[in-house]
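To start, the structure under review is shown below, and the notes come after it.
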There are 2 protein chains.
Amino acid sequence: MMENSIKATSGAAGIFSKIRAAIINGEYTFNERLPSERDLAEQYGVARGTVRAALDQLERAHMVRKKFGSGTFVCYDTRFEHEDIAEETSPLELIETRLAIEPHIIRLVVSNANNREIRKLEEALENVLHARQDPNSFSSADEAFHLTLANCSQNPLLIWMYQRINDIRSHTQWSHRKNNILTRDKIDYYNDQHTELVRAIIRRDMDSAVGRMTEHLRQAKKDLLGQIPL
Amino acid sequence: MMENSIKATSGAAGIFSKIRAAIINGEYTFNERLPSERDLAEQYGVARGTVRAALDQLERAHMVRKKFGSGTFVCYDTRFEHEDIAEETSPLELIETRLAIEPHIIRLVVSNANNREIRKLEEALENVLHARQDPNSFSSADEAFHLTLANCSQNPLLIWMYQRINDIRSHTQWSHRKNNILTRDKIDYYNDQHTELVRAIIRRDMDSAVGRMTEHLRQAKKDLLGQIPL
DNA sequence: ATAGATTGGTATAGAATTGGCACATTAAAT
DNA sequence: ATTTAATGTGCCAATTCTATACCAATCTAT
């Protein structure tokens, strides 16, 4: 029988769509914590179990992530809602794009960077060298290091494009693979390449610097391909 | 707006959102020092540890940078958040960025393009060859030709980035210079390069194709520099 | 150059909050 | 009558928040 009343789908499904709408609507933003299950229950006038069922559905829909003892967090980024680029970019395609941009960034850095920028670069190198403990902190420092390189290019458009690359890099799609790829040995190897790269830049050795960056990314590409089951 | 915005996201995630909003809002500007952790704690009515947790999140998001004994500083530049990249990109910087991306696009095209895409490329070549009448129509056809090349790379991210380049190209404040640069002779010269480029791609001659594209853009850069009064 | 104030870094323990879970009850649909 | 879904309650376990105290780096004023 048709029920014409505003009363939406009852029960968990109704709460599910309400919270979902609130997230898409931007009422709850990326990485923000939702109210507790008890609060949500009171707010929507339902039992806590119902809220839990709705949140479970949202978790299966990859819109929220529950953390025991902590809360329920939004893992849905409206920034990428319109730019579905992040969704449809594979790790391989990302590396391929970095392979296009970063070697040329190095060219600009070698020919344009002044002492002040070199210092910032050395600082970023120090940071990434000291971030050997775990894959996450290394990955974060690595992003910052490469972004610093882009900043040294002095080209706003290239910087902007590299920021977009970093956005996609940190978009969590394949981050779970990091732990497989970034072993302690790999981190040290990448850091050797980082060190040699900065030295070449300081020497203003264009060919060596560009070559090191290209090799660096080719290696990353190779490591990534090794992860894909054939 | 309803008073429905009870939001009041509690905890570190809430403080994180509030401070982030203040930074994006411009309340704290680039390189400015935030209030001390103790002050922020009092200001938001939470414990200092909670503020520290929020600041750590902000640091991981590359929005602030902490300095031992000194303070916490904003390292988020609102200049790059706005979509006015087009405004602040000079013709030279645009060419420099194309010089980074397009030769590598050619690499991918030579190794990946199938017959169907080659046909589309020949079609785009035909269009640009026939657009010799005036600078505007040539410029438009030239944009389409290079975008077709990007499409043949099969890489969504590269295609997306080249679309952004084309946005800026057509936006530009220097379009009036086109009439000075794009003489009839120049147009024919560029089109010769276009033709040779496509032939090299069809021959699957990687070195020649990449070289032609690089030379093409170097020439465009040179022509542009010739226009800038010294 | 020195001393005091300010700042971030760290550690600790207890209180409060949060999600996970079990169980009995109620209501509605089949 | 049986099944299914939502409710209400109570408790557990993981995490976070709070409130302190103290350390170490930096800045400022003398």
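Chain identifiers are assigned alphabetically (A, B, ...) following the order of the sequence lines, protein sequences preceding nucleic acid strands; residue numbering begins at 1 within each chain.
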In this structure, how many angstroms lie between the [atom2] atom of [N] and the [atom1] atom of [X], rounded?
{"X": "B:R33", "N": "D:dA25", "atom1": "CZ", "atom2": "C1'", "value": "14 Å"}
{"X": "A:K67", "N": "C:dG19", "atom1": "NZ", "atom2": "P", "value": "12 Å"}
{"X": "B:L40", "N": "C:dG8", "atom1": "CG", "atom2": "P", "value": "8 Å"}
{"X": "B:R48", "N": "D:dC17", "atom1": "CZ", "atom2": "P", "value": "15 Å"}
{"X": "A:L34", "N": "C:dT17", "atom1": "CG", "atom2": "P", "value": "18 Å"}
{"X": "A:K66", "N": "D:dA13", "atom1": "NZ", "atom2": "P", "value": "19 Å"}
{"X": "B:F16", "N": "D:dT16", "atom1": "CZ", "atom2": "P", "value": "15 Å"}
{"X": "A:R65", "N": "D:dT15", "atom1": "CZ", "atom2": "C1'", "value": "13 Å"}

**Message:** For a quick check of understanding: with a heavy-atom distance under 4.0 Å over all strands, which category does A:G71 fall into, base, sugar-phosphate or nothing?
**Reply:**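 Contact class for A:G71: sugar-phosphate only.
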**Message:** Just to be sure I understand the rule, does B:A12 reach a base, reach only the sugar-phosphate, or reach nothing, if contact means heavy atoms closer than 4.0 Å?
**Reply:** sugar-phosphate
**Prompt:** Given A:R199 and A:E196, is the side-chain contact (heavy atoms from CB on, under 4.5 Å) satisfied, shown in steps?
**Reply:** CA-CA 5 Å; A:R199 283 186 188 155; A:E196 291 302 319; 3.2 Å; yes
**Prompt:** Counting only heavy atoms not in A:R203, do more than 12 sit closer than 6.0 Å to its CZ atom?
**Reply:** yes
**Prompt:** If you find the nucleotide of DNA chain D closest to B:T50 and the one closest to B:R38, which residue's nucleotide is nearer the 5' end?
**Reply:** B:T50
[X], nearest nucleotide to its side chain (from [options]):
{"X": "B:V46", "options": "D:dA25, D:dA21, D:dT18", "result": "D:dT18"}
{"X": "B:E37", "options": "C:dG9, C:dG19, D:dA6", "result": "C:dG9"}
{"X": "A:S70", "options": "D:dT16, D:dA13, D:dA6", "result": "D:dT16"}

**Item:** Parallel, tilted or perpendicular: ring planes of B:W160 versus A:W160, cut at 30 and 60 degrees
**Value:**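 Parallel: the ring planes of B:W160 and A:W160 meet at under 30°.
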**Message:** Can you tell me how the ring of A:H146 sits relative to the ring of A:H194, calling it parallel under 30°, perpendicular over 60° and tilted otherwise?
**Reply:** perpendicular
**Fill in**
Rounded to the nearest 0.5 angstrom, the OG1-CD1 distance for A:T97 and B:I105 is 9.0 Å
**Message:** Can you see if the side chain of A:T72 gets near the phosphate of C:dG19 - specifically, an N or O under 4.0 Å from OP1 or OP2?
**Reply:** yes
